[in-house]
Protein chains: 2
Amino acid sequence: MQIIPIHIDKEIEPGDDISKLILDSAEIHDGDILVVAQKIISKQEGRIVELSSVIPSLLAEGISSEYQKNPRIVELILNESKQIIRMNNGILIVETKNGFICANAGIDESNVKHGFVTLLPINADLSAEKICNRILKNTGNDVSVVIADTFGRPFRMGQTNCAIGISGMRPILDYAGTLDSFEKTLRITAIAVADEICSAAELVMQKTTNCPVVIIRGYNFKNEKSSIHDLIRPENEDLFR
Amino acid sequence: MQIIPIHIDKEIEPGDDISKLILDSAEIHDGDILVVAQKIISKQEGRIVELSSVIPSLLAEGISSEYQKNPRIVELILNESKQIIRMNNGILIVETKNGFICANAGIDESNVKHGFVTLLPINADLSAEKICNRILKNTGNDVSVVIADTFGRPFRMGQTNCAIGISGMRPILDYAGTLDSFEKTLRITAIAVADEICSAAELVMQKTTNCPVVIIRGYNFKNEKSSIHDLIRPENEDLFR
């Protein structure tokens, strides 16, 4: 399996043709998986906000004063969230309207121009599907696309890349009923391959190298219709909500 | 970056020379990272228990009766644990004596002979270091080794491969003070690269293919002394304990 960086030097603007930028910078094969950084999808879709245009509510002002956060950013976090999951030590963990549990609703000031922040895409499955369709149309190659963002997690230090949108592959590889090498049924039933693919891609993307897209080549999988929602644990099955 | 599977068909027995088995099956380069499945380390180190030899305590019997679990396995889980973190819906999440938070203390019946289970290695950093030293001695190549196990996580469905032992690289890549492409200081400060490397390896290891070792080649990192404990979030900084 190969993990191939695609360097795109252009700063992405709303309406840019990301598929064209990818095809201009790399040779894509049938069966490739493209991992695309959330940041360029958000920029391309105009999910970027000038902070000076945000008017914080009294709640946002209150939370900010307690946690030394920018009240305009807190206002955006609250707007993007279904509920606050934890609020402590200056950290705000929320459930986004799409069901992701992450810090600050995925709102991010890094790698965006001064005074602006990016929000998560509204429907990253659709963002991924558009890239698949465009590449199929322009090249005849059937690729799968995973949109990746960097999230923290409980119990373990450091952040890892996770999937927030997917097209053309299932996010979970289900081993239910498979036999192990002793012909016993496997206890492990489901691997979150979409998250593992995003993590693999992060190792070459890194954070400062103008590498917002990575090709995963040689991974054996079935191209299938899917949704990122298969990756979200239902609240009533989660022991840590 | 390449991810190269190493197939080892031999069933690992206590005392087997894993480094030799690796070198017999693959060509190793200086700077390679080897990801080794916990399962073969546990078998090699004799961390394998015949269930019929375990005498369950009354507590283990009690928990088992409530959760339809094997009382001998529950007894082993309790032995391996510092504390129970969650016990619900038949799921037992514990903190192991090494500080990992995972289901069933990492005790596993899959890919081991009938009537036996594997326990996690006592000190997987040391297990990793032994392989590094042996390969350096036999080939002159300086490699890094990460021991991987498959853990679930809150909020997201499916399991991913995580690091439980490391030698020759830091588990966290620290970006603190680094500038982004707009010359602003990056907000994201620490990436759990060891976990990402294990996740990348899992994509080719899979669960049933006799591929317990994977080479990660072409990843740019510094060979440094390290400990897996850098990956464990201190209890007082964890919002989900």
Side-chain angles (χ1 to χ4, degrees), chain A residues 1-4 11 86 88-89 91 93 100-101 108-114 150 153-162 171-173 175 178-182 184 186-188 190-193 195-197 199-200 202-204 206-208 210 216 219 230-233 237-241, chain B residues 1-4 11 86 88-89 91 93 100-101 108-114 150 153-162 171-173 175 178-182 184 186-188 190-193 195-197 199-200 202-204 206-208 210 216 219 230-233 237-241:
Chain A
M1 197 175 103
Q2 283 178 286
I3 304 187
I4 304 159
E11 169 63 17
R86 293 286 191 286
N88 208 349
N89 302 334
I91 295 162
I93 312 281
F100 302 118
I101 293 180
D108 194 356
E109 290 175 281
S110 65
N111 287 309
V112 59
K113 53 193 168 182
H114 284 270
T150 313
R153 62 266 169 89
F155 317 147
R156 295 174 78 84
M157 299 296 281
Q159 298 178 301
T160 60
N161 252 19
C162 291
I172 303 265
L173 178 59
Y175 281 99
T178 309
L179 299 182
D180 69 12
S181 34
F182 292 86
K184 291 185 296 182
L186 274 178
R187 191 187 54 83
I188 289 168
I191 300 289
V193 289
D195 285 338
E196 293 189 327
I197 282 167
S199 288
E202 196 286 322
L203 295 166
V204 305
Q206 304 198 331
K207 289 291 159 212
T208 53
N210 292 324
I216 308 276
Y219 175 63
D230 295 344
L231 258 185
I232 295 174
R233 195 179 288 279
E237 289 177 19
D238 199 323
L239 301 181
F240 296 93
R241 289 287 291 265
Chain B
M1 196 176 102
Q2 283 178 286
I3 304 187
I4 305 159
E11 170 62 16
R86 293 286 190 283
N88 207 350
N89 301 336
I91 296 163
I93 312 281
F100 301 118
I101 294 180
D108 194 356
E109 291 175 282
S110 65
N111 288 308
V112 59
K113 52 193 168 182
H114 283 272
T150 313
R153 63 265 169 89
F155 317 146
R156 295 174 78 84
M157 298 296 282
Q159 297 177 301
T160 59
N161 252 19
C162 292
I172 302 266
L173 178 59
Y175 281 99
T178 309
L179 299 183
D180 69 11
S181 34
F182 292 87
K184 289 184 298 182
L186 274 178
R187 192 186 54 83
I188 289 168
I191 300 289
V193 289
D195 285 339
E196 292 189 329
I197 282 167
S199 287
E202 197 285 324
L203 295 166
V204 305
Q206 303 198 330
K207 289 290 159 212
T208 53
N210 292 323
I216 308 278
Y219 175 62
D230 295 344
L231 258 185
I232 296 175
R233 195 179 288 278
E237 290 176 19
D238 199 323
L239 301 181
F240 296 93
R241 289 288 291 266

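Naming: A, B, ... by sequence-line order, numbering from 1 per chain.
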Listed partners of B:R86 passing side-chain hydrogen bond (donor to acceptor under 3.5 Å, both in side chains), at least two apart: none
Top contributor to chain B interface from A:V112, A:I172, A:I197, A:N88 [non-hydrogen pairs under 4.5 Å]: A:V112
Nearest non-hydrogen partners of B:D195 and A:R156, listed with the distance: OD1-NH2, 2.7 Å
For chain B, the option from A:I91, A:I93, A:L173 that forms the most heavy-atom pairs under 4.5 Å: A:I93
Toward chain A, the part of B:I4 with a non-hydrogen atom under 4.5 Å: neither
Side chain, backbone, both or neither of B:D230 within contact of chain A (heavy atoms, under 4.5 Å): backbone
Heavy-atom pair with the smallest gap, counting every atom of B:F155 and A:D238: N-OD2, 2.9 Å
Under the salt bridge (charged side-chain N to carboxylate O under 4.0 Å, His left out) test, residues paired with A:E11 that sit two or more places apart: A:K43
Residue, of B:P171, B:A200, B:G158, B:P154, that accumulates the most heavy atom pairs under 4.5 Å with chain A: B:P154
A:Y175 versus B:E202, closest heavy-atom pair with distance: OH-OE2, 4.3 Å
Minimum heavy-atom distance B:Q159-A:E196, with the two atoms named: O-OE2, 4.4 Å
Sidechain-backbone polar pair: B:R233 side chain, A:R153 backbone, donor-acceptor under 3.5 Å: yes
Contacting region of A:V193 [heavy-atom separation from chain B under 4.5 Å]: both
Between CD1 on residue B:I191 and CG on residue A:N161, distance to nearest 0.5 Å: 6.5 Å
Heavy-atom proximity to chain B below 4.5 Å, by part of A:I216: neither
Most chain A-contacting option - heavy-atom pairs closer than 4.5 Å, from B:I101, B:L203, B:I3: B:L203
